[in-house]
Protein chains: 2
Amino acid sequence: MGHMAAQTQPKQSEAKLLVVEDDANILELLSASLRFAGFDVSTATSGSAAVSAAKNASPDLVVLDVMLPDLDGFEVIRLMREGGQRTPVVFLTARDGTEDKIRGLTLGGDDYVTKPFSLEELTARIRAVLRRTSQGDEAPSRLVFADLELDEETHEVYRAGQRVQLSPTEFKLLRYLMLNANRVLSKAQILDHVWKYDFRGDDNIVESYISYLRRKVDNVQPRLIHTLRGVGYVLRKPAV
Amino acid sequence: MGHMAAQTQPKQSEAKLLVVEDDANILELLSASLRFAGFDVSTATSGSAAVSAAKNASPDLVVLDVMLPDLDGFEVIRLMREGGQRTPVVFLTARDGTEDKIRGLTLGGDDYVTKPFSLEELTARIRAVLRRTSQGDEAPSRLVFADLELDEETHEVYRAGQRVQLSPTEFKLLRYLMLNANRVLSKAQILDHVWKYDFRGDDNIVESYISYLRRKVDNVQPRLIHTLRGVGYVLRKPAV
DNA sequence: ACAGCGGCTGAAAGTTGTCTGAGAAAGTAC
DNA sequence: GTACTTTCTCAGACAACTTTCAGCCGCTGT
């Protein structure tokens with residue numbers, strides 16, 4: 001069957017996101033990468049702008065920094081929902097003292113991630129919330145590639161039917177590889193997506209984790225994780 | 001092997017609720033989480049609005065704050081019942097003198113919770129009242145998972161046939177775990193649902209109570225309460 | 001063939017998350 | 001009031017996980 005290499009973009013779901021964040025750097029990071037991930041992204045940099053943007057664009061989900069210059073995140077949500085909108089939310093919160101005092105973020109099917117976060121973490125949450133709230137139909141929480149299975153909800157991983165235990169970073173890396181199966185990923189790219197955006201270490205950590213993953217989930221034939229020397233890594237079935 | 005993961009939402013009963021509460025934050029808290037719990041929720045923020053909303057929407061149950069800007073809860077109920085409606089009520093009340101006045105009113109199958117309450121507490125009451133009043137097609141008051149049994153009415157808990165004594169919080173936590181069996185619950189999520197909404201402490205209390213529960217109900221094989229490091233807890237049968 | 005680069009991996013150090021015992025604080029019963 | 005239960009906090013121990021480092025191996029190009 002040689003090659004087919006459906007060179008598709010990750011193509012989430014074409015879901016419409018509204019990203020609300022006052023820090024220009026983070027906003028840029030988010031909107032660029034969420035767009036690349038296949039979302040239809042609009043943005044706002046203040047609470048009041050967010051409320052009206054939500055009215056006009058009626059997004060499927062809002063990514064919302066809780067700390068905003070004018071209104072805080074809770075007010076924004078309250079105003080949005082007073083207008084009859086039932087949009088689910090993924091909150092962004094800082095890990096400072098205020099973090100403990102923030103409660104009620106997981107209600108109504110919403111979720112939150114603390115800064116600094118990794119892009120994989122955020123997109124995983126977004127997808128999970130969309131999955132939960134897009135009522136009724138599909139629930140594809142299980143990624144499958146060859147005889148590798150990864151359940152995003154229960155965090156279970158199987159290789160050739162065998163249950164495998166992964167650490168959090170191993171899990172995130174494997175999910176990233178599976179979401180991008182058949183696509184070559186450079187170490188820099190992996191670092192940017194799987195590690196938190198403030199990580200200042202060396203590429204070598206990716207090599208280390210690839211090594212851990214190989215030992216745990218790629219210790220049987222056929223090998224699925226391949227190194228392209230000087231280029232990166234790719235998850236694919238060996239050529240026949 | 002692999003999967004079973006009954007991917008159901010908590011899906012209460014599609015019952016129609018009318019929530020009456022003047023505090024915008026609490027109203028948002030209630031409507032978001034009750035909706036997500038599967039109820040069909042409408043809201044009102046004053047006594048007079050409540051009376052007409054009850055006429056129009058004819059809900060199966062009313063969640064009613066006793067302290068309202070115009071009419072108080074008692075008046076609301078009186079007017080509703082003058083109109084011939086015999087809708088059951090769960091009152092929300094502050095822990096003050098009115099608590100006693102409520103007691104007299106709850107003889108007729110109604111119930112009340114005192115502020116601040118936990119969402120588990122409230123939904124448990126709602127479900128209990130609905131169970132009692134929708135006679136005929138009885139809803140089961142007994143939760144069962146593996147050899148764990150929990151009776152919501154008598155508050156009895158059995159593990160492997162053995163009776164186990166739990167404190168109120170232990171009971172609520174276990175019920176929450178059982179209602180969400182096979183679903184991974186973060187500590188934040190547990191805190192948001194099982195603890196009162198004004199709790200300002202830290203996550204560690206969840207760890208403590210998980211520890212208590214394990215000692216009391218998970219001290220035999222197979223272990224059912226599992227830790228997912230960095231993610232949360234899950235009630236499930238061990239991997240096959 | 002050899003030098004040099006890139007990648008692999010074992011080991012060790014550093015960090016973080018979870019569990020649990022002890023006890024203070026708050027609540028309840030008698 | 002006292003005795004008892006329950007809730008909540010704290011800190012130490014421990015285990016799991018992350019990150020770094022250094023040496024080795026093998027590929028690649030000349």
Side-chain angles (χ1 to χ4, degrees), chain A residues 95 97 99-101 103 114 116-118 120-121 155 157 164-174 176-177 184-191 194-219 223 225-234, chain B residues 95-96 99 114 116-118 120-121 155 157 164-174 176 184-191 194-219 223 225-234:
Chain A
R95 186 185 291 287
E99 191 212 3
D100 316 330
K101 308 198 177 298
R103 298 280 320 285
T114 56
F117 49 84
S118 71
E120 272 305 287
E121 219 168 294
H155 275 243
V157 173
V164 180
Q165 292 279 10
L166 298 185
S167 80
T169 304
E170 289 163 357
F171 183 86
K172 277 181 254 169
L173 174 55
L174 180 59
Y176 184 57
L177 293 176
V184 179
L185 303 166
S186 70
K187 278 179 273 195
Q189 223 169 333
I190 293 173
L191 218 43
V194 177
W195 269 260
K196 300 171 197 245
Y197 55 71
D198 67 345
F199 180 77
R200 287 276 155 271
D202 180 274
D203 275 13
N204 173 250
I205 197 163
V206 177
E207 297 170 22
S208 285
Y209 271 89
I210 289 282
S211 173
Y212 298 151
L213 265 193
R214 282 182 166 142
R215 211 170 313 174
K216 288 189 177 177
V217 303
D218 210 22
N219 51 357
R223 294 286 135 84
I225 302 174
H226 305 276
T227 304
L228 302 192
R229 193 185 167 81
V231 184
Y233 299 96
V234 60
Chain B
R95 186 179 296 287
D96 56 18
E99 201 185 343
T114 56
F117 50 84
S118 73
E120 274 304 287
E121 218 169 295
H155 273 236
V157 173
V164 180
Q165 291 282 5
L166 298 185
S167 79
T169 303
E170 289 163 357
F171 183 85
K172 275 181 260 168
L173 173 56
L174 181 59
Y176 185 58
V184 178
L185 304 167
S186 69
K187 278 180 274 198
Q189 223 168 330
I190 293 172
L191 219 44
V194 177
W195 267 260
K196 300 170 198 251
Y197 54 72
D198 68 343
F199 179 76
R200 282 281 108 82
D202 107 349
D203 280 14
N204 174 251
I205 196 156
V206 177
E207 296 170 24
S208 286
Y209 271 87
I210 289 282
S211 175
Y212 299 153
L213 266 192
R214 281 183 168 141
R215 213 170 311 175
K216 288 189 179 179
V217 303
D218 210 22
N219 51 357
R223 294 286 136 83
I225 302 174
H226 305 274
T227 303
L228 300 193
R229 180 181 243 259
V231 183
Y233 299 95
V234 60

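Letters go in sequence order (proteins before strands), and every chain restarts at 1.
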Handout entry: For A:Lys216, all residues meeting side-chain hydrogen bond (donor to acceptor under 3.5 Å, both in side chains), sequence neighbours excluded
Key = A:Glu170
Exercise for the section: Output all residues satisfying side chain to side chain contact (heavy atoms under 4.5 Å, CB included) with B:Val184, sequence neighbours left out; order by chain, then residue number. Expected result: B:Leu228, B:Val231, B:Val234
Exercise for the section: Identify, between B:Leu228 and A:Thr227, the residue whose nearest nucleotide on DNA chain C lies closer to the 5' end. Expected result: A:Thr227
Problem - Heavy-atom donor-acceptor pair, B:Asn204 side-chain to C:dT20 base, under 3.5 Å - result: yes
Practice task
Using atom CG of A:Asn219 as one end and atom C1' of C:dT9 as the other, report the distance to the nearest whole Å.
Solution key: 15 Å
Practice task
Would you classify B:Tyr233 as touching base, sugar-phosphate or nothing, given that sugar-phosphate means primed atoms plus P, OP1 and OP2, and contacts are heavy atoms under 4.0 Å?
Solution key: sugar-phosphate
Handout entry: Which residue lies more 5' along DNA chain D, comparing B:Ile205 with A:Lys172 via nearest heavy atoms
Key = B:Ile205
Exercise for the section: List in chain and number order the residues that pass side-chain hydrogen bond (donor to acceptor under 3.5 Å, both in side chains) with B:Arg223, two or more places apart in sequence or in another chain; answer none if no residue qualifies. Expected result: none
Exercise for the section: Heavy atoms only: give me the nearest A:Thr227-A:Arg214 pair and the separation to one decimal. Expected result: OG1-NH2, 2.7 Å
Problem - B:His226 NE2 to C:dT18 C1', straight-line distance once rounded to whole Å - result: 16 Å
Exercise for the section: Would you confirm whether A:Arg103, through its side chain, and B:Asp198, through its main-chain N or O, come within 3.5 Å as a donor-acceptor pair? Expected result: no
Completion exercise
Residues passing the side-chain hydrogen bond (donor to acceptor under 3.5 Å, both in side chains) test with A:Tyr233, sequence neighbours excluded, are none
Practice task
Between A:Trp195 and B:Lys196, just flag the one whose closest nucleotide in DNA chain D comes earlier from the 5' side.
Solution key: B:Lys196
Problem - Positions of residues 208-217 of chain B (non-hydrogen atom under 4.0 Å from DNA chain C), listed by number - result: B:Ser208, B:Ser211, B:Arg214, B:Arg215
Exercise for the section: With sequence neighbours excluded, tell me which residues meet side chain to side chain contact (heavy atoms under 4.5 Å, CB included) with A:Pro168. Expected result: none
Handout entry: Test log, rule side-chain contact (heavy atoms from CB on, under 4.5 Å), inputs A:Val194 and A:Val206
Key = CA-CA 9 Å; A:Val194 177; A:Val206 177; over 6 Å; no
Exercise for the section: Mind listing the closest non-hydrogen atom pair of B:Ile205 and B:Leu191 along with its distance? Expected result: CG2-CD1, 3.9 Å
Exercise for the section: Please name all residues satisfying side-chain hydrogen bond (donor to acceptor under 3.5 Å, both in side chains) with B:Asn219, sequence neighbours left out, ordered by chain then number. Expected result: none
Problem - Note, B:Asp203 side chain near B:Ile190 side chain (heavy atom, < 4.5 Å) - result: no
Completion exercise
DNA chain D: first to last nucleotide in contact with chain A (atom under 4.0 angstrom from a heavy atom), 5' to 3', is D:dC17 to D:dT28
Identify each atom pair where a protein N or O and an N or O of nucleotides 4-6 of chain C are less than 3.5 Å apart, giving names and distance.
residue : atom : partner  : partner atom : Å
C:dC5   : O2   : A:Arg229 : NH2          : 3.1
C:dG6   : O4'  : A:Arg229 : NH2          : 3.4

Problem - Partner set under ring pair (Phe, Tyr, Trp, His ring centres under 6.0 Å) for B:His155, not counting sequence neighbours - result: B:Phe171
Practice task
For the helix from C:dA1-D:dT30 to C:dC30-D:dG1, measure the angle between the helix axis at one end and the axis at the other, each built from five pairs, rounding to 10°.
Solution key: 30°
Handout entry: Partner set under ring pair (Phe, Tyr, Trp, His ring centres under 6.0 Å) for A:Tyr209, not counting sequence neighbours
Key = A:Trp195, A:Tyr212
